[in-house]
Peer 1: 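The structure follows.
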Amino acid sequence: MTEHLSDLALDAIRRTGATDGADHLAGCDACQARQARLTAADEDFAQRFVPAQLAVDTLAVPSIPKWSLRTKFAAVGFALAAAAVAFVVAPREQLRTKGGDALVTVHVRADGRTTPVRGPVDPRAHLAVQVKGPGFAQVLWSSRPGAWEPLYPPPGAPAWEVEASDWLPREVVLDGAPEDERLSAVVCPTAPSAADAAEIAGGADPGACRVQWVKIEKR
Amino acid sequence: MTTGRGAVSRWSERASRTRKPTIDKDELTRLYRDYGPVVFRRARFLLDSDEEARDAMQEVFLRVARSHDGYRGDAPVLNWMYRVTTNLCLNRLRAKKRHPVVADPEAVRRLTSATDFAAQQADRQAVLQVMARCDRVTQQIAVHYFLDGMKMEEVATVVGYSRKTISKKLAAFERRARRILEDTR
């Protein structure tokens with residue numbers, strides 16, 4: 001894309017004695033300056049790390065045991081059985097995704113309109129989230145079962161107090177990943193920490209808090 | 001460009017974390033000495049963190065150590081290191097960005113308005129932002145082209161696709177960048 005040599009070409013000249021581009025390098029101040037920066041980075045590496053120690057550390061990393069086919073089938077079967085049990089015993093309100101008394105509802109924003117999510121959404125959709133109070137709310141996001149990450153309020157920000165049915169002050173922009181995701185709201189009489197909310201969303205005893213999650217299915 | 005070294009031309013990119021190391025400490029030490037600076041520099045640039053770069057570097061060399069017998073010998077070692085490091089860093093970036101992000105239209109605007117992007121010091125954030133919405137191959141190509149300043153022929157060599165495919169993917173990347181700008185207006 002430019003007339004100058006790439007880092008790859010400069011690395012090849014410096015490390016393997018490649019001749020391609022060597023003539024250009026000899027007559028180009030900009031490439032010589034970049035080559036000098038790469039050389040300095042090499043020296044910085046040499047001061048930070050001892051290759052022999054890095055090799056020892058790497059070889060000490062334990063191998064992950066390889067599962068046999070039978071073990072894999074057993075694991076999948078167990079996971080399916082556990083999911084079925086969770087579905088049966090989960091409180092009904094945790095499985096509801098819309099409705100008048102829902103704790104959290106998700107809407108799609110497109111073309112200036114906001115419409116409730118009633119099925120799979122575009123993987124890059126802009127979402128608006130409504131949480132029902134009163135109480136202090138934590139909104140969490142999960143891309144993997146059981147792994148809840150705080151979405152709002154952001155770390156270090158004051159607690160979000162919800163009075164009636166309040167909109168999340170931030171629009172959620174999906175990142176284009178095709179996998180389904182989950183969004184959860186935890187609403188408590190006193191402000192919950194993100195860690196407590198994540199535990200509650202993950203199935204811990206909610207106490208006086210209310211919790212609900214919705215699945216965001218992608219098209 | 002000749003970037004291979006015979007003594008280490010036996011690895012496979014299809015490394016398995018389940019395998020035990022197949023090379024000894026001395027050989028791995030030499031590989032760290034020869035290629036560690038390249039891998040660490042690239043990882044630090046892409047991940048923007050010394051700590052994560054060190055972890056990524058170890059993962060790269062773990063792959064090297066555990067897949068030593070399977071290398072097909074069809075790619076220069078330096079190219080292979082570039083490709084594997086890029087892939088691993090993209091995995092890490094992808095894992096970090098799984099939750100929704102709020103777009104930074106100004107960074108993307110700088111990307112689409114630059115006539116010679118790499119020459120003007122690549123705006124890493126803009127590239128990463130657009131990349132998050134692209135497929136995996138386009139991500140690799142964008143890193144090599146916009147961030148590494150490689151020519152299309154070099155990108156083709158490193159990622160193993162034709163120059164025509166590289167050109168198409170880059171065009172798609174630029175369209176994606178423009179669409180992000182339109183969406184955020």
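These numbers come from a predicted model, not from an experiment. Throughout, protein chains are lettered first and strands after them, A, B, ... in sequence-line order, and every chain is numbered starting at 1. The analysis underlying the following values was restricted to heavy atoms, covering all of them including side chains, and did not include hydrogens, waters or symmetry mates.
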Peer 1: Indicate yes or no: at least one non-hydrogen side-chain atom of Asp148(B) is less than 4.5 angstrom from one of Leu8(A).
Peer 2: no
Peer 1: Which pair of non-hydrogen atoms, one from Pro37(B) and one from Phe45(A), has the smallest distance, and what is that distance?
Peer 2: CG-CD2, 3.6 Å
Peer 1: Tell me the closest heavy-atom pair linking Leu62(B) and Thr58(A), and the distance in Å.
Peer 2: CD1-O, 3.4 Å
Peer 1: Under 4.5 Å between any side-chain heavy atoms of Leu54(A) and Met57(B), yes or no?
Peer 2: yes
Peer 1: Using every non-hydrogen atom in the two residues, find where Leu59(A) and Asp24(B) come nearest and quote the distance to one decimal.
Peer 2: CD1-C, 4.2 Å
Peer 1: Are Tyr82(B) and Asp11(A) close enough that a side-chain donor and a side-chain acceptor fall under 3.5 Å?
Peer 2: yes
Peer 1: Is Asp50(B) salt-bridged to Arg48(A), going by a charged N under 4.0 Å from an acidic O?
Peer 2: yes
Peer 1: At a heavy-atom separation under 4.5 Å, does Asp57(A) approach chain B through its side chain, its backbone, both, or neither?
Peer 2: both
Peer 1: Could you tell me if the side chain of Asp7(A) sits less than 4.5 Å from the side chain of Arg42(B), heavy atoms only?
Peer 2: no
Peer 1: Check each atom of Arg41(B) against the heavy atoms of chain A and say whether the ones under 4.5 Å are side chain, backbone, both or neither.
Peer 2: side chain
Peer 1: Any idea which heavy atoms bring Arg15(A) and Asp34(B) closest together, and the distance?
Peer 2: NH1-O, 2.6 Å
Peer 1: Looking at Ala55(A) and Lys25(B), what are the two nearest heavy atoms and their distance?
Peer 2: CB-O, 3.9 Å
Peer 1: Heavy-atom distance under 4.5 Å to chain A: side chain of Val158(B), backbone, both or neither?
Peer 2: side chain
Peer 1: Do you know which two heavy atoms are closest between Leu5(A) and Lys151(B), and how far apart they sit?
Peer 2: CA-NZ, 4.3 Å
Peer 1: Between Phe49(A) and Phe40(B), is the ring centroid distance below 6.0 Å?
Peer 2: yes
